[in-house]
Amino acid sequence: MNELEQIASSLGLPETWEERNGSWWMAPASLDVRVMAAVLRSHEARFVTLTAMQLLPDERIRIDYHWDLDGRLLTFTTFAVENRVPSIVDLCEAADWVERETHENFSVEFTGRPYEPLLLRTGDASGLQLRKERS
Amino acid sequence: MNVWALLMDNLRRGTVTLRFPSRPPTCNRYRGLVQINTEPCKCCGICALVCTSAAITMKKGDGKYEWNYDAGQCTFCGRCVDSCALKLLTMDSTPPPAYETSGALKQSHTWSAKSVAAKPASAPNTTSTEGKVSEEVPR
Amino acid sequence: MNLTIAFFRLLLFPGLLFAVPAAWFFLWTERKTVALMQRRIGPPFLQPFFDFMKLMGKRVPRQPGITGALMSAWPVFAVAASIGALSLLPIFPLRNGFPGDLILLLALLELPSFFYIAAGFTSRSLFGEIGSAREAVLSISYNVVFLIAVIAIAVSQHTFRLEELAQSSGSLLRWIGILAILVCIPAKLHLNPFSVANAEQEIYAGPMTEYAGAGLALWDLSHGLEWVAMTGLVASLALPRTSHWWLDIGVFLIFSLSVVLLLSGLAAATARLTIDYSARLYWRLGLIVAVLAVSTALLARLKL
Amino acid sequence: MNLWRRLLCLCRRRSPWLFHMNAGSCNGCDIELVACLTPRYDVEQLGIQIQGSPRHADILCISGPVTHYTLNAIRTVYGQVYEPKAVVAIGSCPASTNVFIGSPVVEGPLEKHIPVDVYVPGCPPRPDALIEGIAKAAKILSDRRRKQAERKPGQ
Amino acid sequence: MSYRVPIGPYHPALEEPYKLDLVCEGETVRDADLHIGFNFRGIEYLAERRNYAQLIALMERVCGICSNVHTLSICQAIERLAGIVPPERALYIRVVMAELERLHSHILWAGIAGKVMGFKTMFMTSFELRENIMDALEAISGNRVNYAMNRVGGVNRDIEDPAALLHMIDGIELALNRSIIPIFTKNHTALSRCVGVGVLTNEQAHSLAVVGPTARASGISQDIRRAAPYAAYDRMSFDVPVETSGDVRARLVVRALEILESCKILRQALSTMPAADWWGSKKKLKVPAGTVVSRIEGPRGEVLYSVTADGASDTPKRVRVRTPTYANMPAIRTMLRGARLADAPLIQASIDPCYSCTDR
């Protein structure tokens, strides 16, 4: 378990890990996504996916980063500051597709990366919005 | 066993194909078309609530209950049969027949609310399927 | 070889009237054998005929891009070439062919694959071009073995007349030549280890992708006729000549059928090879057969 | 000429070639159609073959709830299959968008876009039900005139 | 000169529509780019408008081959959120259904790989063998493909006669060891199509974060059933086959060994299954607010479900589905670089793609 504390300390986060429903959650007040990606890649963690959700209309989009550290599922919860999140594509190649899909579903701006339409959504303006205002 | 031995073995064991008109038997748990025994039904609507593809729709109006079932819309998942409290829905154990005009397998039953209140839940009698079920499976 | 006999052979016995049903029969045998080897029932007996007639009945609209005059001519040429090759086979009727008819037979056997390649390019579909390029590479590689084997047999018998070839007694070199021809047949007929040109999974139907209706029917027919022509060539080279003509035909049919069964078994037992692997295989095989055949032929020639 | 017409109709019924199109299906129906080729059902006994290109096919088998991105592909392929042709809708999805009812990306039942001849209900239908549907479509196909008047969708 | 070969939406080698544009020079592929989205049905959009009973039937239709994977994962997620523990026998039945589905999915893949390789006989033999499993599945659940076995808090049906199932499993294992595995791994023509084709090295597999048999064939020993056991997997003893060469043959061998492992697990599950009640909780489902993540090991790899509920309405607020093919598909581009055009369909089939899973 010390590896988890190691990660939390190297990220300089005051919060502690919380084990809930079989996986480890961390909801830091402010989190530099790129530092998180670099630290976890150095720990040989595997990037599983990121979940974007918007529970109430015109509320900030919440993004959960899921990582798999040899069997344990770690989830970092962050919020997109005015729809803008730094991209981690150059650090972790596996995040490419899911960032493009989240951009199309929630029009969240992943800064610092090129965009081609991932899912064949050329017709629709910015894809099928899962945002609450749209539906 | 290499490929040639497999081929010779196949030739020796003969074919396993079913000649066209005959079909493999279905077990009694097979989930085919949904049938309803309308007599004791109190139109609680749980089957319409549980149906994920809106195949079953119920209407209650001025003493009349109406139960509509569209086989084209149905996904044969069996949730309605399991969730019916009075166990009035059953599923055919034979595969539904192919049909040519859309909506051919639609079923709709209307019965008056009074008949339900008067008669206790007697033995399920033969259901009157007014809906047009397409003709016998062509052989 | 006057005109009437030529027409008789072209239209009646080894030609049209016998060849087309034989082609359908061979196609049916191949599909049925493969099916039975996979524990399936397989198609009914008249299936190739049904396929042919149904395709004839299709209404193919005249689109300039797809059904140009040249494009619909290729299958007709292919069928004609195969029937021409068939009529030259030294089987039943008056058997005095002309000197050098073996060379004409080889030419007519090569024409269908040439038309196949041309059809791929004229159909202007990308998959047609890829299929034709593959067919060209494949025909270069298997023709080396095929032509050398036939020439070696001809040289060892000092004759290019099919008639004398059919009569002469078997020698070791003759059997090696026949074996080499048998090895080339799967590539020529697009059978499974070398069904690279019309690889359904990779490039749709290769050169025949754009064909539909009558064109496709004729291509299937020419494929069947190639079956009959190749097995006929092998049978006429390998079989001893008997006195009665009907015995000849019976032995010819039985031998061709056994060749078909053998090749269908090979088709069922192997996966499809890639184009470069099969080309390498034939070139390696080709060199051995070439050296062997030419050297024995020359030795035989020098000794006499 | 009646004999020629009857012969053509017989051959059309005995050699129906299929082209399968997946219009956004969950591949349950596609695998059941592939299972029809296999030894236990073996559609080749009816002369049925699954062809690689729509030009070679007579019957167009479509499965899936016609998603927005496969709609124009369906229309073009329907045009590429030459007359006389038939359309078989496999499973409940093309008949009525099945469980995906209400999704903005699903373009509704197939009959809104191309005329459908035979519906095979089921999610997924069993391979033997599929073969029965295709055999029915082959029978319909054989009665069609060679010069098919272009049928309007939904007829 | 290089030209673009579109292995287009509708191609005989593809079971489902997706576009693979190959940039080739002659017969070798230089680069490939993928276009997906043809099977996009907006399931995550629909999931927010279905109540918990309908949600499970909807999630079953995400993919036709691994339908049980999706229902099991969503049921486990909701059970963790609502704090419901299914009865012991229901956990065992879930393990049996999951392994039966892995059996038929892997044998299906062996058949499709044989078909794409041009090896029609192995396609027919594999599917003939698979029919036995489909009959067993239909006998248990009533439908060959969508079993509708899982329910929040338990299962819908019981497995009445495990003896017939055990007999079928012995038949499957015998046939596999006798004909399918030896032929696929020793036949020269099949080997020439599989060895050294579509190689994914260990580093590439790590950086692309591939999952399931594709990762295990490139030397990454990763299996959610052992790392984070769910249902009754912690009471099963099985080992995880790993190959290191990372080509199509390695994936074939890994899947073949996994089939044999599944048979082993099925025998253990069926023999030690407790004879308790399997229906589970009867009271109405009450889902509190919160977010839960549940992962299981599907035939193609790790499936992740993230369910968020707000505790008030009876429909979930957000259901996120991350399917294994979504992680494996970008790896196709690296495998295709430098491959032969003839091998492109086989390489994209070797990761056992399921596009309806990818597009949701």
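For clarity, every value in this text was computed on a predicted model and none was experimentally measured. Below, chains carry the letters A, B, ... as their sequence lines are ordered, and counting in each starts from 1.
- At a threshold of 4.5 Å between non-hydrogen side-chain atoms, the residues D/L37 and E/K120 do not count as touching.
- In this structure, chain E has no heavy atom under 4.5 Å from any part of D/S53.
- With salt bridges taken as basic N to acidic carboxylate O contacts below 4.0 Å, one links D/E32 and E/R144.
- Heavy atoms only, all atoms of each residue included: D/C26 and E/R61 are closest at CB-O, 3.3 Å.
- Among D/P65, D/P39, D/G28, D/A73, the residue with the largest count of heavy-atom pairs under 4.5 Å with chain E is D/P39.
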### Task
Report the C-alpha distance between D/I31 and E/L108 in whole Å, list the side-chain angles of each, state the deciding distance to 0.1 Å, and finish with yes or no for side chain to side chain contact (heavy atoms under 4.5 Å, CB included).
CA-CA 9 Å; D/I31 301 298; E/L108 168 96; 3.2 Å; yes
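- Atom CZ of E/F40 is separated from atom NE2 of D/H68 by 11.0 Å, given to the nearest 0.5 angstrom.
- The shortest non-hydrogen separation linking E/N143 to D/P124 is OD1-CD, 3.7 Å.
- Nearest heavy-atom pair across E/Y45 and D/P104 is CE2-CD, 3.4 Å.
- For the set E/E16, E/M134, E/Q54, the count of heavy-atom pairs under 4.5 angstrom toward chain D peaks at E/E16.
- Between chain D and the residues E/R41, E/H11, E/M124, E/E128, the largest count of heavy-atom pairs under 4.5 Å involves E/R41.
- The two residues E/G37 and D/Y69 have their closest heavy-atom pair at O-CD1, 3.3 Å.
- Options D/H20, D/M21, D/Q51 differ in how many heavy-atom pairs under 4.5 Å they form with chain E, and the most are formed by D/M21.
- Under the 3.5 Å distance criterion, the side-chain polar atoms of D/T67 are matched with a main-chain donor or acceptor of E/F38.
- Put simply, the side chain of D/N27 gets close to the backbone of E/I65: a donor and an acceptor are under 3.5 Å apart.
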### Task
Go through the steps for D/Y41 and E/E131 under the test side chain to side chain contact (heavy atoms under 4.5 Å, CB included), then give the verdict.
CA-CA 10 Å; D/Y41 302 97; E/E131 283 300 314; 3.3 Å; yes
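- A donor-acceptor pair under 3.5 Å is formed between the side chain of E/Y10 and the backbone N or O of D/N22.
- For E/A175, the side chain to side chain contact (heavy atoms under 4.5 Å, CB included) partners at least two apart in sequence or on another chain are E/L129.
- For residues 90-103 of chain D, a heavy-atom distance under 4.5 Å to chain E picks out D/V99, D/F100, D/I101, D/G102, D/S103, given by residue number.
- Counting all heavy atoms, side chain and backbone alike, D/S25 lies closest to E/S356 at O-CB, 3.6 Å.
- Between the side chain of E/N146 and the backbone N or O of D/C123, at least one donor-acceptor pair lies under 3.5 Å.
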